[in-house]
There are 2 protein chains.
Amino acid sequence: MRADAKRNYDLIVTAASEAIARDGAYASLEEIARSAGVGSATLHRHFPTRWSLLQAVFGGCVRNLAARAGDLLAASDALDALTTWLHEVTAYATTTRGLADSLLNEPAEESETCGATLVAAGEPLLRRAVDEGSVRPGITMADLMILANGISLAAQPMGAAKAEQLLTLALRGIGPAVRPQP
Amino acid sequence: MRADAKRNYDLIVTAASEAIARDGAYASLEEIARSAGVGSATLHRHFPTRWSLLQAVFGGCVRNLAARAGDLLAASDALDALTTWLHEVTAYATTTRGLADSLLNEPAEESETCGATLVAAGEPLLRRAVDEGSVRPGITMADLMILANGISLAAQPMGAAKAEQLLTLALRGIGPAVRPQP
DNA sequence: AAACAAGTGGGGTGTCCCCCCACTTTTCGT
DNA sequence: ACGAAAAGTGGGGGGACACCCCACTTGTTT
């Protein structure tokens with residue numbers, strides 16, 4: 001890639017980060033180009049679709065979360081590691097404007113999407129918890145991601161605290177407290 | 001209201017129902033006006049915001065669901081009645097294009113919103129299940145609605161079956177099957 | 001039947017996404 | 001070091017949209 005192309009690429013991603021943090025995933029692409037100091041055609045050449053731009057903006061966050069999943073594999077309690085990670089994902093998706101929309105609406109056909117990365121990163125955590133017997137088998141990480149995502153999206157207006165509470169609720173179920181078994 | 005005003009109002013709602021069923025909650029307002037045979041200004045005068053139109057379109061469905069909640073109050077098993085109703089709401093919101101978006105994005109400040117109607121309708125079902133002891137106290141119907149809504153929204157691309165499965169998961173929790181207690 | 005209020009739609013403005021095309025900048029072989 | 005090919009750029013136009021103003025039409029009322 002040519003030097004100036006990379007320079008513009010970075011300028012666009014930086015400007016997009018700010019605009020999306022302010023206006024959400026549907027921030028105006030023209031305004032992003034304007035504040036990056038490039039023509040709208042340039043933005044459109046680097047990022048043919050809105051989601052390719054969102055992917056570039058959120059790629060870093062997603063990689064961080066994936067790495068965090070790797071770290072948590074070393075924790076002693078598998079169930080706790082899984083729920084901790086899901087809470088972190090939910091908190092991030094709720095707090096970071098546009099992330100939840102981005103994860104939900106990205107075209108499902110492509111591989112290398114943010115959602116697929118997160119699912120792949122969380123899979124070992126889930127498998128470990130299932131092996132341990134603390135999570136019922138038959139549950140897939142894709143299911144849990146959709147759940148966490150949906151909660152993030154629906155609870156976004158209420159703030160991260162509500163999202164976390166709802167995630168806790170969904171992971172526990174609505175039934176009465178179960179007495180710890182011998 | 002004048003006779004022709006009501007006539008146009010109905011024409012617009014009918015056209016909007018079709019357009020939204022086809023294109024989702026963000027269907028073009030101009031095209032709705034065009035296919036209703038009225039000017040865009042007329043549409044905009046009857047429905048100042050997109051959500052006021054969505055409310056008119058989905059008001060019937062919402063009232064049906066609310067009535068269904070009333071019927072289920074007569075069921076013998078309170079927990080079953082609650083979960084059945086939540087499943088019906090989820091199925092409806094997942095199947096009917098635009099409903100989930102509409103419920104989620106409607107301005108929270110107004111009363112008489114579709115979401116508020118559903119919450120109010122479900123409240124007795126929840127209270128009965130809590131009194132019965134089959135649902136842990138501290139859970140509000142608003143929480144459950146957000147949950148059901150989020151699931152509908154996030155699972156929409158995968159279809160109603162996936163949404164129902166995820167709702168079951170969320171109501172049960174992820175833990176291993178609990179042996180029926182004496 | 002006539003006057004008044006309520007309702008209507010065409011057209012204008014500003015914004016947005018997307019694309020084409022003439023021009024500029026970087027890179028690389030000599 | 002230099003000039004040509006290749007890669008990149010941005011201005012501007014087309015099409016669609018939401019929203020609003022205003023002269024005109026239509027229904028209602030006494």
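Each chain gets a letter, A, B and so on, in the order its sequence line appears, and its residues count up from 1. Just the heavy atoms: all of them, side chains too, but no hydrogens, waters or symmetry mates, feed the values below.
Rounding to whole angstrom units, CZ of residue A:Arg7 and C1' of D:dA7 are separated by 14 Å. As rounded to whole Å, 14 Å separates atom P of D:dA16 from atom CG of B:Asp23. The distance from atom CG of B:Leu53 to atom C1' of D:dA18 is 13 Å, rounded to the nearest whole Å. Following rounding to the nearest Å, B:Tyr26 (OH) and C:dC17 (C1') show an atom-to-atom distance of 18 Å. The CG-P distance, from A:Leu54 to C:dC17, rounds to 12 Å in whole Å. If you measure from atom CZ of A:Arg34 to atom C1' of D:dG12, you get 14 Å, rounded to the nearest angstrom. As a whole-Å value, the separation of A:Leu43 CG from C:dC19 P is 13 Å. In this structure, CZ of A:Arg45 is placed 9 Å from C1' of D:dG10, rounded to the nearest angstrom.
Minimum atom distance to the side chain of A:Ser28 is reached by C:dC16, of the listed D:dA18, C:dT8, C:dC16. Each of D:dC17, C:dG7, D:dT28 was ranked by its minimum atom distance to the side chain of B:Asp4; first place goes to C:dG7. With C:dG11, D:dT9, C:dC19 as the choices, the nucleotide that has an atom nearest any side-chain atom of A:Ala5 turns out to be D:dT9.
A single hydrophobic cluster is seen to contain both A:Leu144 and B:Leu166, as judged by linkage of ILVMFWY side chains at heavy-atom distances under 4.5 Å, directly or through other members.
With hydrogens and angles left out, the side-chain atoms of A:Ser28 and A:Glu30 include no donor and acceptor closer than 3.5 Å. Side chains of B:Ser152 and B:Asn149: no donor on one and acceptor on the other come within 3.5 Å.
Place B:Arg2 and B:Arg50 on DNA chain D by their nearest nucleotides, and B:Arg50 ends up nearer the 5' end. Between B:Glu30 and B:Lys6, the residue whose closest nucleotide on DNA chain C is further toward the 5' end is B:Lys6. Positionally, the nearest nucleotide of DNA chain D for A:Thr42 lies more toward the 5' end than for the other of B:Leu29 and A:Thr42.
Using bins of under 30°, 30° to 60° and over 60° for the plane-to-plane angle, the ring pair B:Tyr9/B:Phe47 lands in the tilted bin.
Within the 4.0 Å cut-off from OP1 or OP2 of D:dG8, not a single side-chain nitrogen or oxygen of A:His46 is found. Proximity of B:Asn8 to the phosphate of C:dG7: no side-chain N or O atom is located under 4.0 Å from OP1 or OP2. OP1 and OP2 of D:dA18 both lie 4.0 Å or more from every side-chain N or O belonging to B:His44.
Residue A:Ala3 is classed as a sugar-phosphate contact, given heavy-atom separations below 4.0 Å to backbone atoms only.
Looking at B:Lys162 and A:Asp143, a side-chain N of the basic residue comes within less than 4.0 Å of a carboxylate O on the acidic one, giving a salt bridge.
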